[in-house]
Amino acid sequence: MNIEFRVIDKSNYNQCIKLKTSEEQKKFVATNIFSLVQSAYEPNFYPLGVYKNDKMVGFILYDFDDEINGWSMSRFMIDEKFQNQGIGKVALNKFIKFFIEKYGHIKLYTSAEVDNTIAINLYESMGFEKKEVFEYEVDGVIYKEFRMLAQL
């Protein structure tokens with residue numbers, strides 16, 4: 001499967017904004033537009049488009065998180081039209097290789113809502129381990145997530 005990453009910039013941000021999750025997944029991941037705004041105003045946030053055969057099919061946002069003093073894959077999504085085709089697993093595997101090439105063999109964190117079993121199973125299949133449960137609040141909504149860690 002031909003999967004590649006491209007930096008999100010003025011040439012492709014509209015494609016990224018148009019990517020959507022299914023209705024039931026909306027509670028698990030922030031919108032891409034929110035992630036792009038966040039990457040524009042917060043330091044050390046890096047947005048990547050996930051491309052299959054020259055078409056954007058997903059999105060990854062990674063960053064250096066001062067709170068955990070480490071690198072984090074803070075967003076990962078595949079557009080609902082391209083799910084259940086193995087793209088997520090291939091893209092995540094390729095991202096881990098990309099990350100190691102860029103930063104070396106270090107820790108990489110991610111997180112998933114505690115009831116997002118699909119994401120948790122995918123992350124565990126790629127070597128991430130559940131470390132702790134944490135909660136946070138955004139606009140009056142409380143989120144409960146597993147912090148997960150891969151030793152790359």
Side-chain angles (χ1 to χ4, degrees), residues 3-9 12-13 15-22 24-52 56-80 82-83 86-152:
I3 298 293
E4 65 177 316
F5 305 116
R6 296 182 193 163
V7 172
I8 302 293
D9 59 21
N12 61 2
Y13 74 90
Q15 294 169 47
C16 182
I17 291 169
K18 291 176 183 174
L19 297 174
K20 302 293 180 211
T21 59
S22 66
E24 59 270 10
Q25 294 170 327
K26 285 184 180 182
K27 64 184 177 187
F28 295 138
V29 65
T31 64
N32 290 352
I33 196 165
F34 176 83
S35 297
L36 293 179
V37 170
Q38 189 177 25
S39 70
Y41 291 102
E42 295 191 34
N44 301 317
F45 276 72
Y46 305 95
L48 297 173
V50 177
Y51 284 78
K52 178 183 178 196
M56 190 183 301
V57 297
F59 174 72
I60 294 175
L61 179 69
Y62 72 98
D63 62 277
F64 189 86
D65 188 328
D66 291 328
E67 182 182 321
I68 59 174
N69 193 32
W71 287 97
S72 176
M73 182 182 68
S74 35
R75 307 281 159 39
F76 178 61
M77 65 84 67
I78 301 297
D79 184 272
E80 65 180 330
F82 299 97
Q83 292 181 9
I87 295 170
K89 190 166 193 166
V90 171
L92 184 53
N93 187 44
K94 198 158 197 169
F95 175 74
I96 290 170
K97 289 177 182 174
F98 159 86
F99 191 84
I100 290 169
E101 286 176 16
K102 191 165 182 77
Y103 299 103
H105 290 276
I106 59 175
K107 297 176 183 177
L108 178 63
Y109 291 89
T110 195
S111 63
E113 288 283 328
V114 294
D115 55 347
N116 188 352
T117 56
I118 292 172
I120 291 167
N121 290 339
L122 174 62
Y123 296 152
E124 287 180 329
S125 77
M126 292 287 129
F128 286 87
E129 296 178 7
K130 294 177 197 166
K131 290 298 180 186
E132 62 194 9
V133 174
F134 66 100
E135 292 182 6
Y136 61 97
E137 182 179 338
V138 177
D139 296 331
V141 177
I142 296 175
Y143 296 91
K144 189 175 183 179
E145 297 186 2
F146 284 114
R147 180 167 285 125
M148 301 178 77
L149 173 65
Q151 300 276 1
L152 307 179

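Sequence positions, counted from 1, serve as the residue numbers for this chain.
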Can you list the residues that meet the ring-ring contact (aromatic ring centres under 6.0 Å, His included) rule with Phe64, with sequence neighbours excluded?
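With sequence neighbours excluded, Phe64 shows a ring-ring contact (aromatic ring centres under 6.0 Å, His included) to Trp71, given in chain and number order.
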What pairs with Tyr123 under ring-ring contact (aromatic ring centres under 6.0 Å, His included), at least two apart in sequence or on another chain?
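Residues passing ring-ring contact (aromatic ring centres under 6.0 Å, His included) with Tyr123: Phe128.
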Show me the donor-acceptor pairs within less than 3.5 Å that the side chains of residues 137-144 make with the rest of the protein, sequence neighbours left out.
none

Show the nearest heavy-atom pair for residues [X] and [Y], with the distance to one decimal.
{"X": "Ile8", "Y": "Leu36", "result": "CG2-CD2, 3.6 Å"}
{"X": "Ala91", "Y": "Val50", "result": "CB-CG1, 3.8 Å"}
{"X": "Val29", "Y": "Phe76", "result": "CG2-O, 4.4 Å"}

Start with the C-alpha gap between Lys52 and Ile87, add the side-chain angles, then the distance that decides, and say whether side chain to side chain contact (heavy atoms under 4.5 Å, CB included) holds.
CA-CA 8 Å; Lys52 178 183 178 196; Ile87 295 170; 3.7 Å; yes
I'd like to know if Arg147 pairs up with Glu132 as an ion pair, taking the criterion as any Lys NZ or Arg NE/NH1/NH2 lying under 4.0 Å from an Asp or Glu carboxylate oxygen.
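Glu132 and Arg147: salt-bridged.
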Using only heavy-atom distances, determine whether the side chains of Gln25 and Glu80 contain a donor-acceptor pair under 3.5 Å.
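Side chains of Gln25 and Glu80: no pair found under 3.5 Å.
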Exam field: side chain Asp79 to backbone Lys20, donor-acceptor pair closer than 3.5 Å:
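Yes, the answer is positive, given that a donor and an acceptor are paired below the 3.5 Å cut-off.
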Quick one: list whatever passes side-chain contact (heavy atoms from CB on, under 4.5 Å) with Gln151, sequence neighbours left out.
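Gln151 satisfies side-chain contact (heavy atoms from CB on, under 4.5 Å) with Lys107, Leu149 once adjacent residues are dropped.
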Does a sphere of radius 6.0 Å around OH in Tyr13 hold more than 12 heavy atoms from other residues, nucleotides or ligands, not counting ones at 6.0 Å or beyond?
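Check fails, neighbour count at 12 or below.
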Residues 109-121, side-chain donor-acceptor partners within the protein, below 3.5 Å, at least two apart:
| unit_1 | atom_1 | unit_2 | atom_2 | d |
| --- | --- | --- | --- | --- |
| Thr110 | OG1 | Met73 | O | 2.8 |
| Ser111 | OG | Glu145 | OE1 | 2.6 |
| Asn116 | OD1 | Ala119 | N | 3.3 |
| Asn121 | ND2 | Thr117 | O | 3.2 |

Pairs satisfying side-chain hydrogen bond (donor to acceptor under 3.5 Å, both in side chains), at least one member in residues 88-99, at least two apart:
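Every pair satisfying side-chain hydrogen bond (donor to acceptor under 3.5 Å, both in side chains) with a residue in residues 88-99: there are none.
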